[in-house]
Amino acid sequence: MVTVRAPATSANLGSGFDVFGAALTRPADVVTVEKAAETTIEVTGVGAQYIPEDPEKNTVGAVVEALDAPARIHIDKGVRPASGLGSSAASAAGAAVALNRLYDRGLSRSELVPIAAEGEAVVSGVAHSDNVAPSILGGFTVTTSDGTHAVDASIPLVVCLPDIAVSTRDARRVVPETASMEDLVETVGNAATLAVGMCRSDPTLVGAGMSDPVVTPERARLITGYDDVRAAAFDAGATGVTVSGAGPAILAVCRDGRRRGVAAAMLDAFSDADIDARAYQTRIGRGSTVLEE
């Protein structure tokens, strides 16, 4: 038996659509696997009632098939489905790391990333790695068709999750198919600024580099109260604010000592819009961790 803690993640980070990702110290899924002749999946925790336990419909099933590693699998969800925090990716990442260890497949963490991404395709329809990469590798990740690069970074964050749902499929439908040269140049410049900020663990640079004139404005329209929550976070000292992944979670970058005030301001703004929400005071953290075996 192997148990793995797989962290929530935030993808895109504004200017890095389908490329950037970051592991969060909280929340997280806990995945336990045990060898079996036939794969079974049990899901408990937050939003468990919405997650199929049929291996053909669960992200973990594709990971089992790719690794040829049948098992009894228990997923304790700490990452709410349809949150914009890589919920399906956390389960897939945790299963990939756990099954690789259980069956002694000997694959590196980097080699597990595309395997876990196949699990993501079950839910989103596309095998993207921008969530599974940081959930497996940790830190800030840059994923392209040539692979993934990870950088350790120490950046304080607040994630505010409203009690509304935005599906990944719906969020992808609103992504513009074209962009002006001016917007592309702005986005590239911001993405480069963010990457330098991550390498320096500089929340001011990271926050400044999150702005995105192409994708984020369209996705923000799917989140009731977004503009007011964003403004409240900046007023409380955030250095950057954007939609986390497909949403509806909103990600704020802060300096040390500012997370509590930023979290409270974001919660108050959602409350003013009559929307319940919860805030995680978190930071960029480690990838999937083996807890016991």
Side-chain angles (χ1 to χ4, degrees), residues 1-9 21 23-83 85-138 141 143 148 167-169 285-293:
M1 181 182 292
V2 178
T3 300
V4 168
R5 180 186 186 275
T9 54
L24 309 178
T25 55
R26 57 191 294 262
D29 284 1
V30 176
V31 181
T32 300
V33 300
E34 186 176 3
K35 286 185 178 180
E38 184 176 345
T39 296
T40 57
I41 299 172
E42 179 186 21
V43 184
T44 59
V46 60
Q49 67 271 30
Y50 303 114
I51 301 173
E53 295 183 337
D54 181 347
E56 293 187 0
K57 298 178 181 178
N58 189 292
T59 60
V60 171
V63 175
V64 169
E65 184 175 349
L67 290 172
D68 188 21
R72 284 188 292 275
I73 300 172
H74 178 259
I75 304 170
D76 184 15
K77 294 296 297 177
V79 188
R80 196 197 84 185
S83 61
L85 297 175
S87 180
S88 58
S91 297
V97 172
L99 293 170
N100 183 56
R101 181 69 66 93
L102 181 70
Y103 277 89
D104 195 25
R105 294 295 185 236
L107 298 177
S108 69
R109 289 292 179 104
S110 294
E111 289 172 324
L112 290 175
V113 169
I115 290 173
E118 288 301 321
E120 274 276 72
V122 174
V123 173
S124 66
V126 184
H128 283 295
S129 299
D130 51 354
N131 281 114
V132 295
S135 192
I136 291 175
L137 302 172
T141 57
T143 301
T148 299
S167 76
T168 301
R169 293 177 189 269
R286 301 170 62 188
S288 295
T289 305
V290 177
L291 300 180
E292 60 179 278
E293 55 183 323

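Quick note: residue numbers are just sequence positions, from 1. Scope of the values below: all heavy atoms of this structure, side chains included, with no hydrogens, waters or symmetry mates. Worth saying up front: this structure is predicted, and the values here are computed from it rather than measured.
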Please check if the side chain of [X] supplies one atom and the backbone of [Y] the other of a donor-acceptor pair under 3.5 Å.
X	Y	value
Asp29	Lys77	no
Glu56	Gly61	no
Arg105	Asp68	yes

What is the distance from atom [atom1] of [X] to atom [atom2] of [Y], rounded to the nearest 0.5 Å?
X	Y	atom1	atom2	answer
Thr32	Ile73	OG1	CD1	10.0 Å
Leu24	Thr9	CG	OG1	6.5 Å
Leu99	Leu107	CG	CG	11.0 Å
Ile115	Ser129	CD1	OG	11.0 Å
Arg101	Ser288	CZ	OG	11.5 Å
Glu34	Thr3	CD	OG1	9.5 Å

[X] vs [Y] side-chain heavy atoms within contact, under 4.5 Å:
X	Y	value
Leu85	Arg80	no
Val64	Pro55	no
Asn58	Ile75	yes
Ser110	Thr148	no

Looking at Gln49, I'd like to know if its CD atom is crowded, meaning that more than 12 non-hydrogen atoms belonging to other residues, nucleotides or ligands lie closer than 6.0 Å.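 Enclosed: over 12 neighbouring heavy atoms sit under 6.0 Å from CD of Gln49.
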
